[in-house]
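Supplied in C-alpha cells, the structure appears directly below.
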Amino acid sequence: FITKGFAAAELEGEIQTIDAKTSTITVKKEERVKTFRFRPSVQVQVNGVKSKVEALNPGMLLLAESSEPGFATSLEAFGESSVVKLSEADVAKLKEALFKGSWLWNDQADTPMRFRGDGTVRHRGMSAKWKIVSPRDVLLEVDSGDHLILRFDSTFTRYTSPGRKFKGK
C-alpha cells in the first residue's frame with residue numbers, strides 16, 4: 001500500500017487523534033478510519049519541515065509510509081501547527097509564483113488553472129480552495145471533498161503531488 005519515500009506515500013486522510021502513550025495516530029478519510037502505530041524513531045515532517053510527533057495536530061492531513069503493516073515509519077503532515085510556523089516571506093514568495101499566470105493541471109495544455117486572490121482555484125472539472133501550508137506546498141480542498149497537496153520545485157516553475165501520480169507546470 002505504500003512505497004518508499006515521502007513523495008510516494010499515500011494520503012491517508014485527516015488526523016483525528018494522536019496518542020503518544022500508546023504511540024498511535026488515527027486518521028479519517030471519507031468514512032474510513034485507520035489507526036497506525038509508530039516507533040519513537042518515526043521520521044516526521046510538518047509542512048515540509050523536519051519535526052517531531054509533538055508538532056502534529058488533529059485536523060492536519062497526513063501522508064504515511066510503512067515498511068510493515070500497521071506501523072508508520074515516516075509521517076508527513078500538512079496544516080495548522082503550533083510548532084512549525086510559516087514566515088511571511090515564504091508565503092509572499094509562493095503567492096507571487098502562484099499569481100504570475102496560469103498553471104497546467106497535470107501538464108495538460110487544455111486544462112489551465114489560475115490561483116485567485118480570494119483563495120480559490122479552478123480548472124475544467126475542478127473547483128477548490130487553496131492555502132499555503134509550507135514554503136513550497138499548497139493544500140487544495142476540492143469541492144468534492146478531496147484534499148491534494150501541490151509541491152512546487154525550488155524555482156516555482158513545476159509542481160508534483162505527494163501521494164498522487166500527477167504533476168504540472
Side-chain angles (χ1 to χ4, degrees), residues 1-95 98 115 119-121 126-154 156 159-168:
F1 98 120
I2 306 284
T3 57
K4 295 180 181 175
F6 279 133
E10 184 177 331
L11 181 61
E12 297 298 340
E14 187 175 301
I15 296 173
Q16 301 296 299
T17 62
I18 306 152
D19 188 333
K21 287 184 180 180
T22 61
S23 297
T24 59
I25 188 165
T26 302
V27 297
K28 183 177 181 182
K29 184 175 183 181
E30 295 167 0
E31 296 304 314
R32 182 185 66 130
V33 176
K34 190 173 191 177
T35 299
F36 292 96
R37 295 183 70 208
F38 57 86
R39 292 187 171 79
S41 60
V42 68
Q43 297 175 42
V44 178
Q45 284 191 12
V46 173
N47 297 331
V49 178
K50 186 176 178 179
S51 194
K52 296 183 179 190
V53 172
E54 294 79 16
L56 301 176
N57 295 325
M60 296 179 105
L61 291 181
L62 182 74
L63 289 165
E65 179 183 322
S66 181
S67 58
E68 58 185 285
F71 269 91
T73 53
S74 62
L75 304 169
E76 185 170 12
F78 302 91
E80 298 295 323
S81 173
S82 57
V83 178
V84 179
K85 301 286 186 185
L86 272 173
S87 76
E88 288 183 29
D90 288 336
V91 170
K93 190 172 183 181
L94 183 48
K95 267 187 181 180
L98 294 176
F115 289 86
T120 61
V121 61
M126 190 268 304
S127 177
K129 294 179 182 172
W130 64 270
K131 180 179 181 180
I132 295 173
V133 294
S134 86
R136 291 182 21 224
D137 296 327
V138 174
L139 168 65
L140 298 184
E141 295 181 27
V142 184
D143 289 349
S144 67
D146 200 4
H147 293 85
L148 303 167
I149 298 294
L150 301 184
R151 175 162 295 149
F152 291 82
D153 66 9
S154 60
F156 300 105
Y159 69 85
T160 59
S161 186
R164 307 281 179 132
K165 294 183 179 181
F166 69 83
K167 60 186 180 193

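For the numbers below, each heavy atom of this structure counts, side chains included, while hydrogens, waters and symmetry mates do not.
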Checking the side chain of W130 only, and the main-chain atoms of T120 only, is there a donor and an acceptor separated by less than 3.5 Å?
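Judged by distance alone, yes, a pair lies under 3.5 Å.
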Interatomic spacing from OG in S74 to CD in Q43 - rounded to 0.5 Å
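Rounded to the nearest 0.5 Å, the OG-CD separation comes to 5.5 Å.
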Give, for atom CG of L94 and atom CG of L98, the distance between the pair rounded to the nearest 0.5 Å.
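That separation rounds to 4.5 Å.
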CE of M126 to CG of L140: how many Å apart, nearest 0.5 Å?
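That separation rounds to 5.5 Å.
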Can you check whether D143's main-chain N or O pairs, donor with acceptor, with S127's side chain at less than 3.5 Å?
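Here the side-chain-to-backbone pair does not exist.
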Check side chain to side chain contact (heavy atoms under 4.5 Å, CB included) between D19 and all other residues, then give those that pass, not counting sequence neighbours.
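Applying side chain to side chain contact (heavy atoms under 4.5 Å, CB included) to D19 gives K21, T22, T24.
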Can a donor-acceptor pair be found, under 3.5 Å and without considering hydrogens, that links the side chain of S51 to the backbone of V44?
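Here the side-chain-to-backbone pair does not exist.
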Checking R136 against F156: charged group under 6.0 Å from the ring centre and within 45 degrees of the axis?
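Judged by the rule, R136 and F156 form no cation-pi pair.
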Which class fits the ring pair F152 and Y159: parallel under 30°, tilted 30 to 60°, perpendicular over 60°?
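The arrangement is tilted - the two ring planes meet at 30° to 60°.
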So, using side chain to side chain donor-acceptor pair (under 3.5 Å) as the criterion, who are the partners of K93 when residues are at least two apart?
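Checked K93 against side chain to side chain donor-acceptor pair (under 3.5 Å); zero matches.
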Nearest-0.5 Å distance, CE of residue M60 to CD of residue E14:
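If we round to the nearest 0.5 Å, M60:CE and E14:CD are 11.0 Å apart.
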Measure the spacing between OG1 of T73 and CD of E65 and express it to the nearest 0.5 Å.
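Going from the OG1 atom of T73 to the CD atom of E65 covers 4.5 Å.
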T26: partners by side chain to side chain donor-acceptor pair (under 3.5 Å), with sequence neighbours left out
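T26 satisfies side chain to side chain donor-acceptor pair (under 3.5 Å) with T17, T35 only.
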I need the L56 CG to I15 CD1 distance, nearest 0.5 Å.
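One gets 4.5 Å once the value is rounded to the nearest 0.5 Å.
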